[in-house]
Amino acid sequence: MKRFVLALAAAALLLSARGAAAQPADAPIEHLHINPTLRIAQNFDLKQGETVRQIVVIGGDVTIAGTVEHDVVVVLGQVQLAPTAVVEGSLVVTGGNLKIADGARVYRELFVLGGYERSATFTAGGNQVVIGTEALGSALRNIVPWLLRGLLMARPIVPDLWWVWWVAGTFFVVNLLLNLLFDGPIRAGAATLRATPMTAFTTGLLVLLLAGPVFVLLAVSVVGIAVIPFVLFAIVIAGILGKVSFARWVGMRIVAQEDPEDRMQSLRSFAIGSAVMCIAYMIPVIGMITWAMAGVMGLGAATLAFHTAYRRENPKKPKAVKPVVPPAAPPADATSGGQSGSLGSSGLQPGDPEMPQPALSMGVDLPPEGVDLRPEGRSYLTSPMQPAGQVGGQAGVLALPRAAFIERLAAFTLDFILIVIVSQALNLDRGPVDGPLGRAGMLLAIAYHVGFWTWKGTTLGGIITNLRVVRTDGAPVQFAEALVRGLTGIFSLAVAGLGFFWILRDPERQSWHDRVAGTYVVKVPRDYPL
């Protein structure tokens with residue numbers, strides 16, 4: 001029935017739009033039977049003896065005393081059928097109330113979402129479906145002014161609608177209680193917004209973009225279906241607490257809060273921030289921008305605060321320090337007789353006050369031969385069997401410089417040109433997806449990058465520009481990291497390339513997909529082996 005109602009409304013709107021050009025604005029009502037009637041935010045009255053082909057009204061009331069040759073569809077409006085009313089098609093009322101007088105006739109189906117009042121003798125010609133009460137219909141109909149003067153003007157609050165203030169007051173009370181009960185998490189979120197507002201915004205945006213694919217992957221795994229409700233609940237709670245943190249942060253920006261842990265000052269900051277946000281919600285366009293920014297930045301701040309708290313409770317294990325092998329002692333001078341020769345070469349004689357003493361006489365234990373005492377990652381001397389230009393070990397790879405944005409862009413351009421050539425050669429660029437690749441070409445691009453990252457740690461474009469993809473611990477990229485990096489790279493590109501441009505401001509020159517997959521892109525020497 002739901003699909004039937006939606007299809008019926010869409011068909012009526014299309015028919016109305018097609019006949020609007022031929023319909024004079026001041027045509028007499030008795031000549032309207034050749035075209036359907038469409039009204040948006042206006043009332044319509046069909047008098048006795050008049051005939052129309054079809055009626056579609058959105059956000060207005062309808063009174064019918066004449067004849068309708070086909071269907072009547074009314075959304076968010078009241079409908080009244082007089083005793084002389086005749087509807088030869090179906091009657092659909094969504095978000096309103098329907099009153100039918102004795103003698104009115106409906107030849108086909110009747111669907112009502114809202115209030116329904118009829119005479120005892122009335123019977124529709126087809127199925128009758130009624131959902132709700134008159135109070136529900138009136139409540140739904142009260143949404144029409146908010147849709148016209150609120151949503152269409154991009155502002156959440158319409159000042160002259162009394163019920164909007166009831167909703168806003170309810171949200172304020174709930175947020176106030178959350179501000180008092182969860183002072184610690186909200187204080188951490190406000191501190192995150194105060195320190196890194198742009199990072200909080202990008203983190204919140206990334207969480208929203210990745211939520212859908214994560215749910216799909218969990219659903220595909222079957223076992224992860226049970227985790228989906230908990231992840232969704234966590235995102236919702238993070239968003240709610242994040243909005244409270246955003247309100248407190250706004251208040252702190254207006255009136256400085258000297259002590260972040262003072263509950264009274266935190267309450268003052270929350271009240272000031274909530275008042276400022278409420279005023280912004282009433283301004284067209286700015287209101288919707290404020291609402292969106294509060295949601296995204298609040299979600300990002302809550303996510304970052306949770307990550308910081310988790311790292312505090314579960315710190316990383318310190319790296320083990322490896323011993324360092326001391327340099328080999330120079331050979332003794334054969335002409336001077338060992339130690340005395342060495343003293344003679346320095347110009348000192350035995351018994352001089354500044355003569356250096358041997359290490360063993362000072363009680364210093366030297367490490368065993370072959371033991372390296374250098375801290376890990378501090379020295380990367382090449383072995384005798386290693387080429388001079390090659391850096392060895394995982395720590396040695398991390399010591400290489402991070403790839404610059406222009407170098408990564410050059411590698412991406414080379415790979416893109418190669419994929420386009422292959423796609424066109426194999427006729428993979430033909431499909432419903434517009435662009436040089438098409439749907440099959442997009443799959444080829446993902447498979448190409450994931451496969452090469454897993455196999456060689458780079459692509460053909462990366463080989464030409466001397467770039468390699470490694471994990472943050474210096475280990476080679478495995479298939480799991482390559483797949484996550486490839487999928488999240490789609491989102492880095494989808495948001496106007498913001499995920500790629502993130503390289504320009506990141507201290508480690510990581511893009512969004514690098515951060516998610518835990519990888520670096522490094523610049524290797526020309527003789528670096530594949």
Side-chain angles (χ1 to χ4, degrees), residues 198-199 201-218 220 296 300 303 402-423 428-429 431 433-473 475-524:
M198 287 302 300
T199 303
F201 173 78
T202 52
T203 302
L205 188 62
L206 187 62
V207 170
L208 293 177
L209 291 175
L210 294 180
V214 168
F215 289 152
V216 172
L217 293 176
L218 291 175
V220 170
V296 175
T303 304
R402 304 293 184 260
F405 175 78
I406 190 65
E407 295 170 337
R408 297 182 62 171
L409 180 61
F412 175 80
T413 304
L414 294 174
D415 292 328
F416 180 76
I417 294 174
L418 175 63
I419 295 172
V420 169
I421 294 175
V422 175
S423 298
L428 298 178
D429 56 334
V433 179
D434 297 333
L437 294 181
R439 179 176 297 175
M442 292 286 291
L443 296 177
L444 174 64
I446 297 175
Y448 165 79
H449 284 88
V450 174
F452 265 91
W453 289 336
T454 306
W455 181 34
K456 292 295 184 181
T458 185
T459 59
L460 295 178
I463 295 174
I464 297 174
T465 55
N466 299 320
L467 302 183
R468 295 293 186 274
V469 180
V470 297
R471 298 193 319 192
T472 52
D473 59 357
V477 175
Q478 302 298 322
F479 174 75
E481 292 89 3
L483 180 60
V484 171
R485 194 174 190 269
L487 294 177
T488 52
I490 299 175
F491 296 98
S492 296
L493 185 63
V495 289
L498 182 61
F500 287 94
F501 287 108
W502 193 256
I503 301 170
L504 297 173
R505 72 169 303 276
D506 191 87
E508 294 289 343
R509 294 183 178 177
Q510 286 182 294
S511 59
W512 284 359
H513 44 284
D514 284 322
R515 284 182 169 272
V516 174
T519 57
Y520 293 136
V521 179
V522 297
K523 181 76 172 179
V524 299

Problem set entry | Heavy-atom pair of closest approach, residues Thr465 and Ala411 | OG1-CB, 3.5 Å
Exercise. What heavy-atom pair brings Ser511 and Gly499 nearest, and what distance separates the two atoms?
Worked result: CB-O, 3.2 Å
Exercise. Roughly how far, to the nearest 0.5 Å, is CZ of Phe416 from CD1 of Ile421?
Worked result: 10.5 Å
Exercise. Could you state the interatomic distance from CD1 (Ile417) to CZ (Phe412), rounded to the nearest 0.5 Å?
Worked result: 10.5 Å
Problem set entry | Close side-chain approach of Arg471 to Gln478, heavy-atom, < 4.5 Å | yes
Exercise. Which distance, rounded to the nearest 0.5 Å, do you find between the CG of Leu498 and the CG of Leu209?
Worked result: 9.5 Å
For this session: Measure from the side-chain N and O atoms of Thr458 to the backbone N and O of Leu467, and report whether any donor-acceptor pair falls under 3.5 Å.
Result: yes
Exercise. Quick one: which of Phe491, Tyr520, Phe500 gives a ring pair (Phe, Tyr, Trp, His ring centres under 6.0 Å) with His513?
Worked result: Phe500
Exercise. Between Val469 and Arg485, is any pair of side-chain heavy atoms under 4.5 Å apart?
Worked result: yes
For this session: Mark yes or no for whether Arg402, through its side chain, and Arg509, through its backbone, hold a donor-acceptor pair below 3.5 Å.
Result: no
Problem set entry | Point-to-point distance, once rounded to the nearest 0.5 Å, from OG1 of Thr519 to CG of Asp473 | 11.0 Å
Problem set entry | Electrostatic pair Asp514-Arg408, nearest N-O below 4.0 angstrom | yes
Seminar exercise, completed: One should read off an interatomic distance between Leu206 CG and Thr199 OG1, to the nearest 0.5 angstrom, of 12.0 Å
Seminar exercise, completed: Closest non-hydrogen contact found for Val484 with Thr488 is O-OG1, 2.7 Å
For this session: Please check if atom CZ in Phe405 has more than 12 non-hydrogen atoms from other residues, nucleotides or ligands closer than 6.0 Å.
Result: yes
Problem set entry | Note, Leu487 side chain near Pro213 side chain (heavy atom, < 4.5 Å) | no
Exercise. Are the side chain of Lys456 and the backbone of Arg468 linked by a donor-acceptor contact shorter than 3.5 Å?
Worked result: no
Exercise. Do the side chains of Thr472 and Glu508 get nearer than 4.5 Å, heavy atoms only?
Worked result: no
For this session: Could you tell me whether the side chain of Val450 reaches within less than 4.5 Å of the side chain of Phe479, counting heavy atoms only?
Result: yes
Exercise. Can you check whether Trp512 reaches Leu205 side chain to side chain, under 4.5 Å on heavy atoms?
Worked result: yes
For this session: Indicate the atoms forming the closest heavy-atom contact of Ile490 with Ile446, along with that distance.
Result: CD1-CD1, 3.5 Å
Exercise. Do the ring planes of Phe452 and Tyr448 sit parallel (below 30°), tilted (30 to 60°) or perpendicular (above 60°)?
Worked result: tilted
For this session: Mind listing the closest non-hydrogen atom pair of Leu409 and Thr413 along with its distance?
Result: O-OG1, 2.8 Å
For this session: Nearest 0.5 Å please: distance from the CD1 atom of Ile419 over to the CG atom of Leu414.
Result: 11.0 Å
Exercise. Are the side chains of Trp502 and Gln510 in touch, meaning some heavy atoms are under 4.5 Å apart?
Worked result: no
